[in-house]
Number of protein chains: 2
Amino acid sequence: MIKATENSAMQPIANFILELDKLKGVTRKTRPLGLDRYENSAEHSWQLCLLAISLARYAETAIDLNRLIRMLLVHDIGEIDTGDTMVFIEEGLAARKAAELAAVTRIFGMLPDGGGAELLALWNEFESGETPEARFAHAVDRSMPVLLNLASEGQSWRENGISYERVVRRIEPEIKAGCPALWEYLKGRLEEARGRGYFGA
Amino acid sequence: MIKATENSAMQPIANFILELDKLKGVTRKTRPLGLDRYENSAEHSWQLCLLAISLARYAETAIDLNRLIRMLLVHDIGEIDTGDTMVFIEEGLAARKAAELAAVTRIFGMLPDGGGAELLALWNEFESGETPEARFAHAVDRSMPVLLNLASEGQSWRENGISYERVVRRIEPEIKAGCPALWEYLKGRLEEARGRGYFGA
């Protein structure tokens, strides 16, 4: 524990948390169910944590749920400078990732006493996607918009012209790798959704 | 670890996470900085987790940050049935709390294999406010709207006619008990804000 003297640490922490406030203004392509607006990356991050908690007991390899949750809390913070881009847009990916890294380096660097180092490490771990926790995090990140789309007759797929094939090609490897039981479930639901015309052309 | 057979656990988990989606539609009285809408309890919960992570190193007693984070993730879920009520409204508090307990009992009960029991325990721990983690959680929950108001010239205080005295009386005990260093900092900022006319009458 660090003794905070003369509020020295509190002002930079206040600046940091107000900088993070901007993630509430980063909009995604999915809408919260029944709401007439797009969801933002802050509320999305919250929901992913709850999905991870719900699913962790069914993971096939041991995962550290605490690290997984922290990873999900920070994984989208780079979007404060870059905005959100649909997972299906692969163009410009390298440049976008470099810009996100610059953003999180700047933002986590606002924390005093080196407090941002752990958060930066978590962000990098998510991006690398190599640990069981990072793979699980990617699986829930890919699955949540699918679950929302299945409940909204494919709102973001139809609005953005995303086909069944494109969805499956993009999400299957990551969901399967991170949480196979979830993929088994989603696979059948996606086929049903195809029959119902929930996808774009 | 539990082996999920024939997707038996996945459908109720999907139902649960879509039920939680409703928290994105529960609005509070504060606005995200620079945005023309009120913040919702889902994005607020996300932000509290980051504030807790940022502050935990300065806690005066040992706290379990992992449990604290999980507590913050679930602490507002009862509002799905009741809506958010400003902390200054004490009228009807007991009835509201009973309705929130009924809500979380219903919602966490949607999880299969008894998975909701831990979440219900965390929610109850927050409500009781007796452990160091629960006290810390209350401190960050009280502080976040203060930090937003200090940065928005007292937006929610002015809109709702909340005076300086009423703010201090309501938040000081909880912030002081949970995170004294944070209160030391906020105390001075609140006095400044009073001089600048950030409060309601």
Side-chain angles (χ1 to χ4, degrees), chain A residues 1-7 9-11 13-14 16-18 20-25 32-35 37 39-40 42-47 49-51 53-55 57-62 65-66 69-70 73-74 77 111 113 115 118-119 144 147-148 150-151 181-182 184-186 188-189, chain B residues 1-7 9-11 13-14 16-18 20-25 32-35 37 39-40 42-47 49-51 53-55 57-62 65-66 69-70 73-74 77 111 113 115 118-119 144 147-148 150-151 181-182 184-186 188-189:
Chain A
M1 264 171 276
I2 298 168
K3 183 78 185 162
T5 50
E6 293 172 16
N7 302 332
M10 295 297 123
Q11 186 60 55
I13 288 174
F16 170 74
I17 204 71
L18 295 176
L20 291 193
D21 208 60
K22 295 177 183 168
L23 199 63
K24 299 175 186 169
L33 298 178
L35 296 187
R37 63 168 178 87
E39 69 168 349
N40 67 67
E43 63 196 349
H44 162 70
S45 298
W46 167 80
Q47 193 170 31
C49 292
L50 271 301
L51 183 55
I53 291 172
S54 308
L55 287 169
R57 290 151 20 103
Y58 307 94
E60 301 215 345
T61 45
L65 178 57
N66 293 318
I69 291 171
R70 294 189 197 197
L73 288 170
V74 303
I77 288 176
L111 281 175
D113 303 316
E118 187 210 337
L119 301 183
M144 196 60 241
L147 290 166
L148 288 171
L150 290 170
L182 183 57
E184 279 311 300
Y185 165 74
L186 289 177
R189 297 285 318 271
Chain B
M1 265 173 274
I2 298 169
K3 182 79 186 161
T5 52
E6 293 172 16
N7 303 333
M10 295 299 122
Q11 186 60 55
I13 289 174
F16 171 73
I17 204 72
L18 295 176
L20 292 193
D21 208 60
K22 295 177 184 168
L23 199 63
K24 299 175 186 170
L33 298 179
L35 295 186
R37 63 168 178 86
E39 69 168 349
N40 65 69
E43 61 196 351
H44 162 70
S45 298
W46 167 81
Q47 193 169 32
C49 291
L50 270 302
L51 182 56
I53 290 173
S54 309
L55 287 169
R57 292 153 17 104
Y58 307 94
E60 303 215 344
T61 46
L65 179 56
N66 294 317
I69 291 171
R70 293 188 197 198
L73 287 170
V74 304
I77 288 176
L111 280 175
D113 303 316
E118 186 210 338
L119 301 183
M144 196 61 241
L147 290 167
L148 288 171
L150 290 171
L182 184 57
E184 279 310 301
Y185 165 74
L186 288 177
R189 299 284 318 271

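Throughout, protein chains are lettered first and strands after them, A, B, ... in sequence-line order, and every chain is numbered starting at 1. Both backbone and side-chain heavy atoms feed into the values below; hydrogens, waters and symmetry mates do not.
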(request) Taking all heavy atoms of A:W46 and all of B:L73, pick out the closest pair and write down the distance. (result) NE1-O, 2.9 Å

(request) Looking only at non-hydrogen atoms, find the nearest pair between B:L55 and A:M10 and report the distance. (result) CD2-SD, 3.6 Å

Under a 4.5 Å heavy-atom cutoff, which of [options] has the most pairs with chain A?
options: B:A151, B:G25, B:S54, B:C49; result: B:S54
options: B:V74, B:I53, B:N40, B:L111; result: B:N40
options: B:G188, B:S45, B:A42, B:A14; result: B:A42

Region of [X] in contact with chain A, defined by heavy-atom distances below 4.5 Å:
X: B:L119; answer: side chain
X: B:I17; answer: both
X: B:L50; answer: both

(request) Apply side-chain contact (heavy atoms from CB on, under 4.5 Å) to A:Q11 and B:R189, showing your working. (result) CA-CA 10 Å; A:Q11 186 60 55; B:R189 299 284 318 271; 3.6 Å; yes

Interchain contact, [X] with chain B, by part (heavy-atom threshold 4.5 Å):
X: A:E118; value: neither
X: A:I13; value: side chain
X: A:I69; value: side chain

(request) Determine yes or no for a side-chain-to-main-chain donor-acceptor pair under 3.5 angstrom, with B:D21 supplying the side chain and A:L33 the backbone. (result) yes

(request) Quickly, which of A:Q47, A:E43, A:H44 forms a side chain to side chain donor-acceptor pair (under 3.5 Å) with B:K24? Name it, please. (result) A:Q47

(message) Rounded to the nearest 0.5 Å, what separates atom CG in B:L51 from atom CG in A:L20?
(response) 9.5 Å

